[in-house]
Amino acid sequence: MKASAAQTLAAAAATLLLFYPVLQIILLSVNKLPYFRLGGDFVPTLESFQWVLQQPEFWRGLANSLVVSLSTVAMVIALALPGAYAFSRYRFRGRDPLLSFYVVFTQMAGGLGIAGLIALFAIVSALGLRNNLLALAAIYAAGAVPYHTWLLKTYIDTIPRSAEEAALIDGAGVGTLLARVVLPLMAPALAVSAILSFIGAWGELILANLFLSGENRTLILWIYSLMSNVYSVQWNRFAAAALLYAVPPVALYVVLQRFIKRGLAFVY
């Protein structure tokens with residue numbers, strides 16, 4: 001069906017409206033002046049990117065963020081996949097109510113609130129796990145596992161049982177079945193789970209700010225520190241840092257996009 005002129009114009013206007021903030025950040029990041037406004041002075045330069053890339057805190061924060069985010073992905077998939085397979089393939093009393101409660105309740109309780117944050121802070125401090133990157137990743141994973149269990153179960157439901165039955169006849173155990181039969185067939189759903197859990201950990205600020213300090217700060221905390229004095233922020237440097245901050249999740253999406261498109265078609 002050919003779009004009308006009005007539909008084309010509306011789509012173009014919506015695209016421009018959505019892209020405008022990104023365009024502002026891009027123009028600001030390459031402006032020599034620490035601000036940008038339409039009709040104002042604009043002196044193009046890459047000095048802001050050079051400044052960001054010369055900061056040791058940027059590279060340290062980038063490494064910390066990658067450790068936390070990739071660890072979160074690994075934990076989420078390692079914990080959610082067996083649970084999803086069990087909910088999909090095994091029949092046991094109360095399976096459906098348990099899955100609904102498991103997902104819905106934990107998601108409702110996911111917004112910790114002040115009381116929840118205080119309790120979580122007390123537990124982590126008592127265990128001596130403050131300022132620990134893997135402990136933070138475990139907290140992120142704990143909040144994400146219920147949703148990803150449901151997501152992966154939805155995809156496993158679409159996989160024919162015939163391949164698994166043939167492997168079981170050949171004497172394969174559950175571990176072998178998951179590793180050699182189920183995992184290869186689940187690449188699209190695993191890609192969706194990986195990118196969602198990665199982005200969730202990559203962009204989280206509140207818990208990272210609560211538990212991390214010093215050299216263990218993630219990249220988002222360093223970028224946030226650039227606004228410590230809002231009256232003297234070098235906005236061009238801030239914009240350059242923000243654009244560089246977006247590179248890893250975008251790169252991950254580009255690498256996994258062919259799997260993600262197939263996975264989203266099944267789980268949504």
Side-chain angles (χ1 to χ4, degrees), residues 65-111 134 136-204 207 246 248-268:
S65 290
L66 288 173
V67 169
V68 171
S69 300
L70 293 176
S71 298
T72 300
V73 172
M75 293 179 191
V76 166
I77 292 178
L79 294 173
L81 181 58
Y85 186 81
F87 277 116
S88 177
R89 290 299 192 244
Y90 294 102
R91 298 292 181 266
F92 50 88
R93 187 182 301 275
R95 185 193 66 157
D96 293 335
L98 178 61
L99 179 62
S100 300
F101 175 82
Y102 178 54
V103 174
V104 175
F105 176 78
T106 52
Q107 291 303 302
M108 290 176 62
L134 294 181
L136 182 63
I139 293 172
Y140 291 158
V145 162
Y147 170 76
H148 288 274
T149 300
W150 170 82
L151 185 151
L152 295 177
K153 174 198 174 296
T154 302
Y155 192 87
I156 294 174
D157 288 343
T158 68
I159 298 176
R161 294 176 179 265
S162 55
E164 299 172 48
E165 291 171 351
L168 290 173
I169 292 174
D170 292 338
V174 176
T176 303
L177 189 65
L178 284 173
R180 296 187 178 181
V181 179
V182 177
L183 277 178
L185 295 174
M186 290 192 63
L190 292 175
V192 173
S193 184
I195 191 67
L196 291 179
S197 53
F198 183 92
I199 291 175
W202 185 262
E204 202 283 326
L207 292 178
V250 171
L252 181 63
Y253 176 81
V254 171
V255 171
L256 300 178
Q257 63 176 326
R258 68 188 183 96
F259 297 109
I260 292 173
K261 291 177 181 178
R262 290 166 52 197
L264 289 174
F266 277 96
V267 300
Y268 292 112

Nearest heavy-atom approach of Met75 to Ala141 is CB-CB, 3.7 Å
Quiz item: Is there a side-chain contact between Trp202 and Leu66 (heavy atoms, below 4.5 Å)?
Solution: yes
Result block: side-chain N/O donor-acceptor pairs under 3.5 angstrom for residues 184-193, not counting sequence neighbours:
{"unit_1": "Ser193", "atom_1": "OG", "unit_2": "His148", "atom_2": "ND1", "d": "2.7"}

Residues Ala194 and Val73: closest non-hydrogen pair is O-CG2, 3.6 Å
Ignoring hydrogens and geometry, is there a side-chain-to-backbone donor-acceptor pair from Ser71 to Val68 under 3.5 Å? no
Correct closest heavy-atom pair for Pro249 and Ile195 would be O-CD1, 3.9 Å
- Please tell me if the side chains of Leu196 and Leu151 come closer than 4.5 Å, counting only heavy atoms from C-beta onward. yes
Rounded to the nearest 0.5 Å, the CD atom of Glu204 sits from the OG1 atom of Thr72 at a distance of 10.0 Å
Separation between CG (Leu152) and OH (Tyr147), nearest 0.5 Å, reads 9.5 Å
Sorted by chain and residue number, the side chain to side chain contact (heavy atoms under 4.5 Å, CB included) partners of Ile139 (sequence neighbours excluded) come out as Leu120, Val124, Leu207, Phe211
For the residue pair Phe198 and Leu70, establish whether any side-chain heavy-atom pair is separated by less than 4.5 Å. yes
